[in-house]
Colleague: 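Have a look at the structure that comes next, please.
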Amino acid sequence: MSLVVQKYGGSSVADLERIRLVARKVKKYWQEGHRLVVVVSAMGKTTDTLLSMALELCPLPPERELDMLLSTGEQVSVALLGMALFQEGVQAVSLTGGQAGIVTTQAHTKAKILHIQTERILRYLADGKVVVVAGFQGKTANEDITTLGRGGSDTTACALAAALKADFCEIYTDVNGVFTADPRIVPQARKITRIAYDEMSEMANLGAKVLQLRAVDFSQRYGVRVHVRSTFSEEEGTWVEEVSEMEEVKVKAITHSKDVVKVVLLGVPNQPGVAALIFKVLAEFSIFIDMIIQSEGRETEKDVAFVITKEDEGKAQKAINCLKECLSFREAKFDDSKGKVSIVGAGIASNPRIAYRMFDGLARLGVNIDMISTSNLRISCLIPRDRVEDSVQILHKEFLEEGEVVLRENS
Ligand code: ADP
Ligand code: ASP
Ligand code: MG
């Protein structure tokens, strides 16, 4: 008898009718004899609504209290799905993340899963029950409620699948799988039928929010096969799994993010140890840094620019204030007018022609590139935020439509 973890995202449980639909889907699997753990997100935009209420009361809310608030969204969904399943005649039990045994670090709003005590879930499964678990949350060793970062229900599902050694993990969402670009921006985007963990991880990292980055990393580490598919159709979706041989160097997808902020430190002393100090302070505040540029500058001073996520802006402001106490610089500027477009695919950055085609595509649109970063799996450009959509479209056209050019190594 197979054990499957299914996760239903916010849009899949946005109202009571959709919760009923999910209950019927779950019932079908349960009747086929599968053992099921079902992870659910908060209904629709509930998390956004809760967050904006918090920010209205307090611009930098205590993160423990924020977790207390945000975790309620998922509790509503599990209770309602539990009732809908009861109504369908399915034996089910709903659990918060903490009740499901998900123990995390104390890093409120971005907690990491330390381990999962699976006994309680296994007991319910052995009794033939469907176990409905609140996504996006856990508890610390001190019983404080934590959350796992935006989109964290994906991580709950993949981590449970790993801990329970499930046969696979199904991520049900509002699109038919992982596409070559966000299908809401590029109508011609194609569904990718199989994608390697590494490529999916890079896509998630660069803004393809269809799967949270940490969920991909968990799945890769524990060998969980993930099937991303739609709640609203029976169509096969995308399998994220180990893909052996990747001989072809080709662009797999175009991703974008508008949730970025560029930070510039002007007039930083030009001497050894300064960059280390800046990034030490940012690391102490757990701020995720993407691109970094240090300008040529003058003899005695330089400018340092880096890109953070919008979510970390408040913390970055605090970090820069701390930095002021131990480093003299002229000014810190926060630039909220930028977005990021990236091309993703194994090995692409090693082929200069691919970089040329990316930059040329943006040049043809008249888009000015502000910063560039590369890794073996991607090339990213920071550009004006209001040019993100048309840039994604032109890059999709360049690399993924019109008779796709495949470049072999050494070509
Ligand atoms: P859920 O609420 O189910 O977790 P999300 O909104 O977090 O769903 O993620 C699904 C959304 O991700 C889609 O509606 C789509 O707009 C967006 N998305 C961005 N990039 C991609 C991509 N490359 N493939 C598929 N969806 C993508
Ligand atoms: N409800 C949370 C969010 O909106 C977690 C999730 O949906 O995965 O980020
Ligand atoms: Mg999501």
Side-chain angles (χ1 to χ4, degrees), residues 6-14 18 22 39-52 66-67 69-78 97 109-111 133-138 146-159 169-193 195 199-216 226 228-232 237-238 240 251-259 309 311 340-345 378 388-389 392-393 395-396 399-400:
Q6 296 186 332
K7 175 253 170 177
Y8 292 89
S11 49
S12 305
V13 292
R18 289 188 178 191
V22 169
V39 174
V40 218
S41 291
M43 294 170 74
K45 301 263 174 243
T46 302
T47 310
D48 290 333
T49 311
L50 293 170
L51 191 58
S52 56
L66 200 53
D67 276 353
L69 177 72
L70 297 188
S71 60
T72 61
E74 270 69 11
Q75 280 195 49
V76 170
S77 312
V78 285
T109 76
K110 266 189 200 162
V133 179
F136 172 60
Q137 56 179 264
T146 49
T147 64
L148 309 178
R150 298 305 305 269
S153 300
D154 296 333
T155 298
T156 305
C158 293
C169 180
E170 291 191 307
I171 302 288
Y172 282 93
T173 183
D174 56 358
V175 285
N176 279 328
V178 180
F179 281 67
T180 50
D182 186 340
R184 294 186 200 288
I185 292 187
V186 183
Q188 297 84 352
R190 286 178 281 111
K191 187 173 72 189
I192 302 170
T193 47
I195 187 162
E199 288 173 319
M200 189 64 237
S201 171
E202 202 62 64
M203 282 180 73
N205 184 27
L206 296 169
K209 63 174 186 152
V210 64
L211 209 49
Q212 200 204 31
L213 172 63
R214 283 163 52 198
V216 187
V226 181
V228 181
R229 59 190 307 192
S230 169
T231 306
F232 310 104
T238 300
V240 186
V251 175
K252 222 21 186 301
I254 315 296
T255 58
H256 71 278
S257 172
K258 292 184 171 181
D259 298 327
T309 60
E311 210 182 348
K340 190 168 60 176
V341 282
S342 311
I343 57 175
V344 178
R378 58 117 163 196
V388 164
E389 268 97 352
V392 172
Q393 283 157 359
L395 293 176
H396 194 269
F399 289 106
L400 291 148

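One-based numbering, in listed order, for ligands and for the atoms of each. Since the structure is predicted, the reported quantities are computational estimates derived from the model, not experimental observations. Count residues from 1 along the sequence.
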Colleague: Could you tell me whether ligand 2 has any atom less than 4.0 Å away from a heavy atom of G10?
Modeller: no

Colleague: Looking only at protein heavy atoms, which one is nearest to atom 14 (O) of ligand 1, and what is the separation?
Modeller: R184 NH2, 2.7 Å

Colleague: Just verifying a value: how many Å separate L400 CG and R190 CZ, rounded to the nearest 0.5 Å?
Modeller: 5.5 Å

Colleague: Among all protein heavy atoms, pick out the one at the shortest distance from atom 3 (C) of ligand 2; state its residue, atom name and that distance to 0.1 Å.
Modeller: R150 NE, 3.4 Å

Colleague: Any ion pair linking D174 and R184 (charged N to carboxylate O, less than 4.0 Å)?
Modeller: yes

Colleague: Measure the distance from atom 23 (N) of ligand 1 to every protein heavy atom, then report the residue, atom name and distance (to 0.1 Å) of the closest one.
Modeller: F179 O, 3.0 Å

Colleague: Around atom 4 (O) of ligand 1, find the nearest protein heavy atom and jot down its residue, atom name and distance.
Modeller: K7 NZ, 3.0 Å

Colleague: If you count the atoms of ligand 1 from 1 in the order shown, which ones are under 4.0 Å from a heavy atom of M203?
Modeller: 23 (N)

Colleague: Ignoring hydrogens and angles, tell me if any N or O in the side chain of T147 forms a donor-acceptor pair with the backbone of S71 under 3.5 Å.
Modeller: no

Colleague: What atoms of ligand 1 come closer than 4.0 angstrom to any heavy atom of V178?
Modeller: 24 (N)

Colleague: So, does G73 sit close enough to ligand 2 that a heavy atom of it is under 4.0 Å from the ligand?
Modeller: no

Colleague: Write out the residue and atom name of the closest protein heavy atom to atom 5 (P) of ligand 1, then the distance separating them to 0.1 Å.
Modeller: K209 O, 4.2 Å

Colleague: Does P183 approach ligand 1 within less than 4.0 angstrom via side chain, backbone, both or neither, non-hydrogen atoms only?
Modeller: side chain

Colleague: Please check this pair: side chain of T146 against backbone of G138, looking for a donor-acceptor N/O pair closer than 3.5 Å.
Modeller: yes

Colleague: Taking distance alone, with no angle check, do D154 and ligand 2 share an N/O pair under 3.5 Å?
Modeller: no

Colleague: Looking at atom 13 (C) of ligand 1, what's its closest protein heavy atom, distance included?
Modeller: D174 OD1, 3.5 Å

Colleague: Test your reading of the model: is there a side-chain donor-acceptor pair from R214 to the backbone of G152, 3.5 Å cut-off?
Modeller: no

Colleague: How many angstroms lie between CD in Q188 and CZ in F179, if you round to the nearest 0.5 Å?
Modeller: 12.5 Å

Colleague: Taking only heavy atoms of T47, which atoms of ligand 2 are found under 4.0 Å from at least one of them?
Modeller: 1 (N), 2 (C), 3 (C), 4 (O)

Colleague: For V210, which part has a heavy atom under 4.0 Å from ligand 1: side chain, backbone, both, or neither?
Modeller: both

Colleague: Give the numbers and elements of all ligand 1 atoms closer than 4.0 Å to a heavy atom of T173.
Modeller: 1 (P), 3 (O), 8 (O), 10 (C)

Colleague: Atom OG1 in T255, atom CZ in R378: separation rounded to 0.5 Å?
Modeller: 8.5 Å

Colleague: To check your reading of the model: name the closest protein heavy atom to atom 6 (C) of ligand 2, its residue, and the distance in Å.
Modeller: S153 OG, 3.4 Å

Colleague: Quick check: does any side chain N or O of E74 sit under 3.5 Å from a backbone N or O of S41, one acting as donor and the other as acceptor?
Modeller: no

Colleague: Between Q137 (side chain) and G97 (backbone), is there a donor-acceptor pair under 3.5 Å?
Modeller: yes

Colleague: So, 4.0 Å and heavy atoms of A181: is ligand 1 close enough to count as a contact?
Modeller: yes

Colleague: Distance-only, no hydrogens or angles: does the T180 side chain make a donor-acceptor pair with backbone N or O of A189 under 3.5 Å?
Modeller: no

Colleague: Starting from atom 25 (C) of ligand 1, which protein heavy atom do you reach first, and at what distance in Å?
Modeller: G177 O, 3.4 Å

Colleague: When R150 is tested against each of D259, L51, T109 for side chain to side chain contact (heavy atoms under 4.5 Å, CB included), which residue passes?
Modeller: L51

Colleague: Determine yes or no for a side-chain-to-main-chain donor-acceptor pair under 3.5 angstrom, with E202 supplying the side chain and V344 the backbone.
Modeller: no

Colleague: Taking N or O atoms only and a 3.5 Å limit, does G149 qualify as a polar contact for ligand 2?
Modeller: no

Colleague: How close does the nearest protein non-hydrogen atom get to atom 15 (C) of ligand 1, and which residue and atom is it?
Modeller: D182 OD1, 3.4 Å

Colleague: Would you mind listing which atoms of ligand 2 come within a distance below 4.0 Å of any non-hydrogen atom of G151?
Modeller: 3 (C), 5 (C), 6 (C), 8 (O), 9 (O)

Colleague: Among protein heavy atoms, which sits nearest to atom 2 (O) of ligand 1, and what does the distance come to when rounded to 0.1 Å?
Modeller: G10 N, 3.1 Å

Colleague: Between CZ of R229 and CD1 of I171, what distance do you get to the nearest 0.5 Å?
Modeller: 12.0 Å

Colleague: Are any non-hydrogen side-chain atoms of V240 and L211 less than 4.5 angstrom apart?
Modeller: yes

Colleague: Is E74 touching ligand 2 with its side chain, its backbone, both, or neither, if touching means heavy atoms under 4.0 Å apart?
Modeller: side chain

Colleague: At what distance is the nearest protein heavy atom to atom 7 (O) of ligand 2, and which residue and atom is it?
Modeller: S41 OG, 3.1 Å

